[in-house]
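Below: one structure, written as structure tokens.
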Amino acid sequence: MNRRYRKLRLEKRNRLLELAYIDPITGLGNYNAYLVRTKEKLQKSSKKTMIILDIDKFKSFNKKYGHMKGNILLKRVGEEIKQSVRKTDIVCRLANDVFGIFLEGEVDVENITERLNNKISRISIGDIWYNLRISMGVYICDKDERDIQGIIDKAIMAHDSIKGKYHVPYGVFTEEFEQKMIRESEIENMMEDAIKNKEFEVYYQPQMNTKTEKMEGAEALVRWKKEGNVISPSEFIPIFEKNYFIIKLDEYVYKRVCENMQEMKKQLKEIPKISVNISKESLAEKDFLEKYMNITKQYDISPSNLEIEITERTTVDNNIDMKEILEKIKEKGFSIAIDDFGTGYSSLNMLEMLPIDMIKIDKSFIDRIGEKNETINLLEIILLISKKLNLKTVAEGVEKREQVEYLKKENCDFIQGYFYAKPLDFDALKNYIKENKQKQ
Ligand code: C2E
Ligand code: CA
Ligand code: CA
């Protein structure tokens with residue numbers, strides 16, 4: 001091999017190495033470089049902190065200003081990060097719009113995240129300024145931690161912990177959050193089998209007519225029974241809403257409800273109206289109504305015996321045309337209830353605009369009955385407005401006689417809560433209906 005050739009090969013090798021470690025857009029190290037460079041620092045048993053920095057809505061920026069501008073922006077962000085940290089700290093671009101920062105020694109997290117946020121949230125390209133939003137995840141490493149992959153994962157988890165909280169620029173990794181994530185993935189691993197193994201069961205909580213104290217309806221509430229334990233819906237429903245499994249579960253629950261109603265119809269002259277909780281993920285499905293109508297017909301149930309419960313939060317989602325969806329549901333003969341009323345940010349305008357039959361007043365308002373403060377007036381106002389708009393009202397989470405008396409006085413139409421009954425399994429519900437009848 002002659003010298004010239006050897007030199008060429010060497011250059012080529014260096015070039016390849018560069019390609020393997022350098023991000024051509026920002027000139028910073030890439031993901032591989034981050035792994036290699038941090039390794040050395042991890043050998044030392046000093047304090048270390050990792051920050052992951054993500055540009056929010058970078059895709060929109062690209063769309064609006066084009067990829068060239070997008071690339072320049074990434075370069076500028078890289079520069080600003082570099083300038084905000086010490087020379088010895090590591091800054092790399094790990095993926096699209098995600099940067100990894102590795103800091104050695106004592107770090108004032110509040111200070112550095114604020115500095116980064118200030119520098120990047122208003123950033124210049126040439127003489128034009130752009131407003132950006134960034135979000136960060138911070139992980140303060142254990143002294144003897146050597147596994148960079150684990151460290152990156154924890155910084156990502158810290159970043160995930162502020163998802164949806166737009167006013168919070170950074171999250172710090174905590175054990176508590178890790179436990180939550182572990183539990184979440186456990187639940188995700190079990191959910192598909194849970195349907196197959198019929199681990200989900202529908203319970204029913206009676207709703208009483210306030211005046212007559214006769215049961216007129218019930219709310220269907222799902223229970224997950226796994227190996228003798230019951231997992232609470234408040235634990236798994238939010239997870240299922242995030243990963244869209246709720247679409248399957250809502251449909252499953254609805255089927256079981258129709259099946260139970262069909263059985264009741266054979267045994268009773270009059271069946272209670274059943275309310276079913278439907279998440280916005282289910283409602284947003286194109287074939288939602290068709291699917292649910294097919295089930296309703298399959299079990300020979302009239303939609304007038306059913307109520308669809310959607311949360312107040314769902315009604316303020318701008319991504320779906322709630323008015324159109326609810327009107328179609330209404331056309332078929334279902335009634336519609338707004339759940340957890342008073343906890344979201346809906347407007348009174350919404351109450352008038354949407355075809356709603358019933359308002360479910362959240363337990364937090366009921367809990368304050370008897371307290372001498374303004375919240376009571378708020379409850380009175382909700383009840384008054386509902387009357388004015390011809391909407392029925394259900395009070396949720398009623399536990400005390402005193403609350404029942406108050407709701408009677410204020411003309412709330414229905415009461416649901418432990419005072420009358422906890423959610424009952426189907427057999428217990430049938431017994432409850434029989435006993436409640438005999439009392440009349
Ligand atoms: P939610 O729709 O607001 O249901 C009312 C919750 O309050 C139920 O909790 C019920 O058991 C509880 N509750 C009723 N009366 C009382 C009372 O007097 N005191 C107290 N402390 N609690 C009372 P649960 O069954 O744990 O359900 C939690 C949430 O999970 C429900 O809140 C609902 O949002 C959701 N959920 C339950 N089943 C389904 C379902 O099939 N589909 C969907 N999408 N969500 C469901
Ligand atoms: Ca509900
Ligand atoms: Ca509720």
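Because the structure is predicted, anything quoted here is derived from the model rather than measured.
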Stepwise, does the salt bridge (charged side-chain N to carboxylate O under 4.0 Å, His left out) test hold for Glu241 with Lys280? CA-CA 8 Å; Glu241 287 181 336; Lys280 72 160 181 285; over 6 Å; no

Is it true that Glu145 and Lys154 have a side-chain N and a carboxylate O under 4.0 angstrom from each other? yes

Check: Thr212 main-chain N/O paired with Asn209 side-chain donor or acceptor under 3.5 Å: yes

Stepwise salt bridge (charged side-chain N to carboxylate O under 4.0 Å, His left out) test for Arg76 and Glu80: CA-CA 6 Å; Arg76 287 284 299 116; Glu80 292 295 346; 2.9 Å; yes

Any donor and acceptor pair, going by atom type alone, linking the side chain of Thr174 with main-chain N or O of Phe177 inside 3.5 Å? yes

With no hydrogens and no angle check, is any side-chain donor or acceptor of Tyr139 less than 3.5 Å from a backbone partner on Met157? no

Going by an N to O cut-off under 4.0 Å, is there a salt bridge joining Lys360 and Glu396? yes

Donor-acceptor pair, distance only, cut-off 3.5 Å: does the side chain of Ser279 make one with the backbone of Glu281? no

Sub-3.5 Å donor-acceptor pair from the side chain of Arg93 to the main-chain atoms of Val98, do we have one? no

Evaluation steps, side chain to side chain donor-acceptor pair (under 3.5 Å), between Asp367 and Ser364: CA-CA 5 Å; Asp367 288 344; Ser364 53; over 6 Å; no

Are Asp300 and Lys265 packed together at the side-chain level, in the sense that at least one heavy-atom pair is separated by less than 4.5 angstrom? yes

Please check if any side-chain donor atom of Asn243 sits under 3.5 Å from a side-chain acceptor atom of Glu188, or the reverse. yes

Do the side-chain N and O atoms of Glu219 and Gln205 include a donor-acceptor pair separated by under 3.5 angstrom? no

More than 12 heavy atoms of other residues, nucleotides or ligands under 6.0 Å from CD of Gln262: yes or no? yes

Other residues, nucleotides, ligands: >12 heavy atoms within 6.0 Å of Lys291 NZ: yes

Met136 side chain near Ile52 side chain, heavy-atom distance below 4.5 Å: no

Under 3.5 Å side-chain donor-acceptor pair for Asp357 and Ser335: no

Is the closest side-chain heavy-atom distance between Phe99 and Leu74 below 4.5 Å? yes

Salt-bridge test for Lys328 and Glu331: reply yes if a basic N is under 4.0 Å from a carboxylate O, no otherwise. no

Considering all heavy atoms of both residues, which atom of Leu326 and which atom of Leu354 are nearest to each other, and what is their separation? CD1-CD1, 4.1 Å

Does a side chain donor of either Thr343 or Asp340 reach within less than 3.5 Å of an acceptor in the other side chain? no

Under a 4.0 Å threshold between the charged nitrogen and the carboxylate oxygen, would Glu199 count as salt-bridged to Lys226? yes

Take atom NZ of Lys75 as the centre, draw a 6.0 Å sphere, and report whether it contains more than 12 heavy atoms from other residues, nucleotides or ligands. no

List the steps, then state whether side chain to side chain donor-acceptor pair (under 3.5 Å) holds for Thr314 with Thr311. CA-CA 5 Å; Thr314 300; Thr311 63; 2.9 Å; yes

Please determine whether the number of non-hydrogen atoms from other residues, nucleotides or ligands lying under 6.0 Å from atom NZ of Lys400 exceeds 12. no

Go through Lys180 and Glu176 one step at a time and tell me if the salt bridge (charged side-chain N to carboxylate O under 4.0 Å, His left out) criterion holds. CA-CA 6 Å; Lys180 204 179 133 204; Glu176 195 185 305; over 6 Å; no

Short N-O contact, Glu184 and Lys242, less than 4.0 angstrom: yes

So, the side chain of Asn189 versus the backbone of Ser185: is there a donor-acceptor pair under 3.5 Å, distance only? yes

Evaluate the criterion side chain to side chain contact (heavy atoms under 4.5 Å, CB included) for residue pair Phe288 and Ile278; output intermediate values, then yes/no. CA-CA 10 Å; Phe288 164 80; Ile278 304 287; 3.8 Å; yes

Residues Lys225 and Glu201 bridged, charged N to O under 4.0 Å: yes

Could you tell me whether a side-chain N or O of Thr49 sits under 3.5 Å from a main-chain N or O of Val107, the two making a donor and an acceptor? no

For the pair Lys430 and Glu263, find out whether any cationic side-chain nitrogen is under 4.0 Å from an anionic carboxylate oxygen. yes

Mutual orientation of the aromatic rings belonging to Tyr65 and Phe61 [parallel < 30°, tilted 30-60°, perpendicular > 60°]: tilted

Under 3.5 Å: donor-acceptor pair, side chain of Ser386, backbone of Thr393: no

Using side-chain heavy atoms (C-beta onward) and a distance below 4.5 Å, is Ile112 in contact with Val138? no

Tell me if the CD atom of Gln149 is crowded by more than 12 foreign heavy atoms within 6.0 Å. yes

Look at Lys255 together with Glu259 and state whether they make a salt bridge at an N to O cut-off of under 4.0 Å. no

Walk me through whether Asn436 and Glu213 qualify under side chain to side chain donor-acceptor pair (under 3.5 Å). CA-CA 9 Å; Asn436 191 250; Glu213 298 199 31; over 6 Å; no

Describe, in one word, how the ring planes of Phe240 and Phe245 are oriented to each other, choosing from parallel (under 30°), tilted (30 to 60°) and perpendicular (over 60°). perpendicular

Heavy-atom check, side chain of Phe426 versus side chain of Met264, under 4.5 Å: yes

Within the distance-only criterion (no hydrogens, no angle test), does the side chain of Tyr292 pair as donor or acceptor with the backbone N or O of Glu251 below 3.5 angstrom? yes

Is the shortest side-chain N to carboxylate O distance from Glu79 to Lys82 below 4.0 Å? no

Can you name the nearest heavy-atom pair linking Ile325 to Ile320, along with the distance? CD1-CB, 4.3 Å

Residue pair Tyr166 / Asp56, side-chain donor-acceptor N/O under 3.5 Å: no

Using a 6.0 Å cut-off, check whether atom NZ of Lys330 has over 12 heavy atoms from anything other than its own residue. yes

Let me see the working for Glu104 and Lys48 under salt bridge (charged side-chain N to carboxylate O under 4.0 Å, His left out), right down to the final yes or no. CA-CA 5 Å; Glu104 237 182 325; Lys48 291 149 245 145; over 6 Å; no

Quick one: is the NZ or CZ of Arg256 closer than 6.0 Å to the six-membered ring centre of Tyr254, and within 45° of its axis? no

Residue pair Phe341 / Ile382, side-chain heavy-atom distance below 4.5 Å: yes

Report yes if some heavy atom in the side chain of Glu309 is under 4.5 Å from a heavy atom in the side chain of Met358; otherwise report no. no

Check whether Glu312 reaches the backbone of Gly342 with its side chain - one donor and one acceptor, N or O, closer than 3.5 Å. yes

Between Gln207 and Glu216, do the side chains contain a donor N or O and an acceptor N or O under 3.5 Å apart? no

Before you tell me yes or no, could you show the steps for Tyr204 and Asp425 under side chain to side chain donor-acceptor pair (under 3.5 Å), namely the whole-Å CA-CA distance, both residues' side-chain angles and the distance that decides it to 0.1 Å? CA-CA 6 Å; Tyr204 297 90; Asp425 68 27; over 6 Å; no

Exceeds 12 heavy-atom contacts within 6.0 angstrom, atom NZ of Lys409: yes

I'd like to know whether CD of Glu327 has more than 12 heavy-atom contacts from other residues, nucleotides or ligands below 6.0 angstrom. yes

Determine whether Tyr170 and Asn117 make a side-chain contact, defined as any pair of heavy atoms from C-beta on separated by less than 4.5 Å. no

